[in-house]
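In what follows, a structure is listed as C-alpha cells, so that the remarks can point back to it.
Every heavy atom of this structure was used, including side-chain atoms; hydrogens, water molecules and symmetry mates were not. This structure is a prediction, so every number in the text was calculated from the model and none was measured. When a residue number appears, it is its place in the shown sequence, counting from 1.
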Amino acid sequence: MAAEGCDPSGQAPENGTVSHTRDYFSIPAPIKRIFDRFPLVTYPSNDVPQRPATARRENGLFVFTDAPGARHGRPSFNPQCLKWQAYLKFVGIGFNLIPSNNHASPTGALPFLLPAHPIQTSAPIPSSKLQKWAIEQVHCEEEQQLDVRFEVYASLLDHRIRNAWLYQLYLDLENFSAVARRLYVDPTTSNPLVRVALSNQLQQAARDELLKSSQYIDVGALEAEAADAFEALSTLLGDQLHFFGRSQPGLFDASVFAYTHLILDKEMGWKRNRLQQLLQQHENLVQHRERLLEFF
C-alpha cells in the first residue's frame, strides 16, 4: 500500500493535490450533522407471536401446517411437529394448531407451545421441554424411565429412519418438486428467485445432515438401514397395541406415528415412496398407524 502523500508509483504529487483529494472524499458538514443525530442502530429480534388474552383460552401449538389443516386439527406434514401434536393428544391436553415456520420460533425450530394459563405469561415452551410440561399438567408417566430400551429404539427413528426420510423428501428430485417444494417453499413466497434460493437451502441442509455420518450419500445403504429399523420396531411392538406394553399410547408411539403416518399418507403426494414399500412389509406397524390415526 502506498504511503500517505504518494501515488502508487511512489512519486510525490503536485502541490495542492492531497488537500483537494481529501476535500473531495470528505462528508459535507450538513450531511455529517444528520448522521451524527441519527446513528445506525441494531434493533432487537422480533417478539414471539402473541394472541389477545381472549384467544388464549386454549394452548396454542405452533407447527408446520396450512390454514385448513390448522382449522380442522389435521396431522402436521412435518415429523417433528406431528410427534408432539400426537403426544399432546394422547395424554389428553387440548390445543389449537397455529400455522408457523422456523423463523417465528424462539429456538429457530418448530414446534413450540404458548400455554393458555396463566394468561399473563408469554413464555413459549420449546419441543425439548414439552414432555416435562405435559407431565406437570396431567401427571402422566415419564416414559423414558419406564423402559431402558427407550433410548436405543428412539435412535432408530432419529437416525436411520430420519436419514432415509431426508433423502426421500429433499434429495429425490421428483419428490422434492411434488412434496417438499409444495409444502415448505411455495407457501412462503411467490417470488421465483426466492423460491429457488429456499429450495437450494433446504436441499443443501439435507445433504449436510446426511454427510455428517458418511463420506458420501449411499441411497442403497440408507434404505437398508431404514428396512432394518422397521424390522426392529415391528419386533418390539409384536402383537401389542402400543409400544412397551402401555395401555395408552405414549411418546414413543407418537414418535413412530410421526413417520409411519406421513409415509403412508396419500395426501402427501409422493412420486416415489420406497419407505412405504419397506414399511408395508410389517403389518403390525401399519395397523398401529391406523389405530393412532383415529385420534385425529
Could you check whether F150 and F243 have their ring centres less than 6.0 Å apart? no
Within the distance-only criterion (no hydrogens, no angle test), does the side chain of [X] pair as donor or acceptor with the backbone N or O of [Y] below 3.5 angstrom?
{"X": "R195", "Y": "V185", "answer": "no"}
{"X": "S234", "Y": "F230", "answer": "no"}
{"X": "N102", "Y": "L110", "answer": "yes"}
{"X": "N175", "Y": "A180", "answer": "no"}
{"X": "D228", "Y": "E231", "answer": "no"}
{"X": "N163", "Y": "L210", "answer": "no"}
{"X": "R272", "Y": "D172", "answer": "no"}

Supply the atom-to-atom distance [X] [atom1] to [Y] [atom2], rounded to the nearest 0.5 angstrom.
{"X": "Q276", "Y": "D265", "atom1": "CD", "atom2": "CG", "value": "10.0 Å"}
{"X": "L169", "Y": "R181", "atom1": "CG", "atom2": "CZ", "value": "11.5 Å"}
{"X": "L193", "Y": "L198", "atom1": "CG", "atom2": "CG", "value": "11.0 Å"}
{"X": "L237", "Y": "H242", "atom1": "CG", "atom2": "NE2", "value": "9.0 Å"}
{"X": "E223", "Y": "L275", "atom1": "CD", "atom2": "CG", "value": "7.5 Å"}
{"X": "F257", "Y": "L292", "atom1": "CZ", "atom2": "CG", "value": "6.0 Å"}

Compare every heavy atom of [Y] with every heavy atom of [X], then report the nearest pair and how far apart it is.
{"X": "M268", "Y": "V179", "result": "O-CG2, 3.4 Å"}
{"X": "L97", "Y": "A70", "result": "O-CB, 3.6 Å"}
{"X": "A109", "Y": "S105", "result": "O-OG, 2.6 Å"}
{"X": "S76", "Y": "L262", "result": "O-CD2, 3.5 Å"}
{"X": "Q280", "Y": "V286", "result": "CA-CG2, 4.0 Å"}
{"X": "A123", "Y": "P115", "result": "O-CD, 3.7 Å"}

Between [X] and [Y], is there a shared hydrophobic cluster once you connect ILVMFWY residues whose side-chain heavy atoms come closer than 4.5 Å?
{"X": "L88", "Y": "V138", "answer": "yes"}
{"X": "I98", "Y": "W84", "answer": "yes"}
{"X": "I135", "Y": "F112", "answer": "yes"}

Could you tell me if the side chain of [Y] sits less than 4.5 Å from the side chain of [X], heavy atoms only?
{"X": "F252", "Y": "L157", "result": "yes"}
{"X": "L236", "Y": "F244", "result": "yes"}
{"X": "N59", "Y": "I93", "result": "yes"}
{"X": "L61", "Y": "Q85", "result": "yes"}
{"X": "H288", "Y": "D253", "result": "yes"}
{"X": "T65", "Y": "C81", "result": "no"}
{"X": "N284", "Y": "D239", "result": "no"}
{"X": "Y167", "Y": "I217", "result": "yes"}

Derivation of the side-chain contact (heavy atoms from CB on, under 4.5 Å) call for Y259 and L82: CA-CA 9 Å; Y259 283 104; L82 181 52; over 6 Å; no
Kindly indicate, with the supporting measurements, whether the criterion salt bridge (Lys or Arg N to Asp or Glu O under 4.0 Å) is fulfilled by E209 and R162. CA-CA 10 Å; E209 185 66 23; R162 179 173 179 265; 3.2 Å; yes
Could you check L222 against L166 for side-chain contact (heavy atoms from CB on, under 4.5 Å), going step by step and ending with a plain yes or no? CA-CA 10 Å; L222 292 175; L166 290 176; over 6 Å; no
Do the ring planes of Y170 and F176 sit parallel (below 30°), tilted (30 to 60°) or perpendicular (above 60°)? tilted
Just say parallel, tilted or perpendicular for the rings of W270 and W165, cut-offs at 30° and 60°. perpendicular
Does the side chain of D208 pick up a donor-acceptor pair with the side chain of Q204 at under 3.5 Å? yes
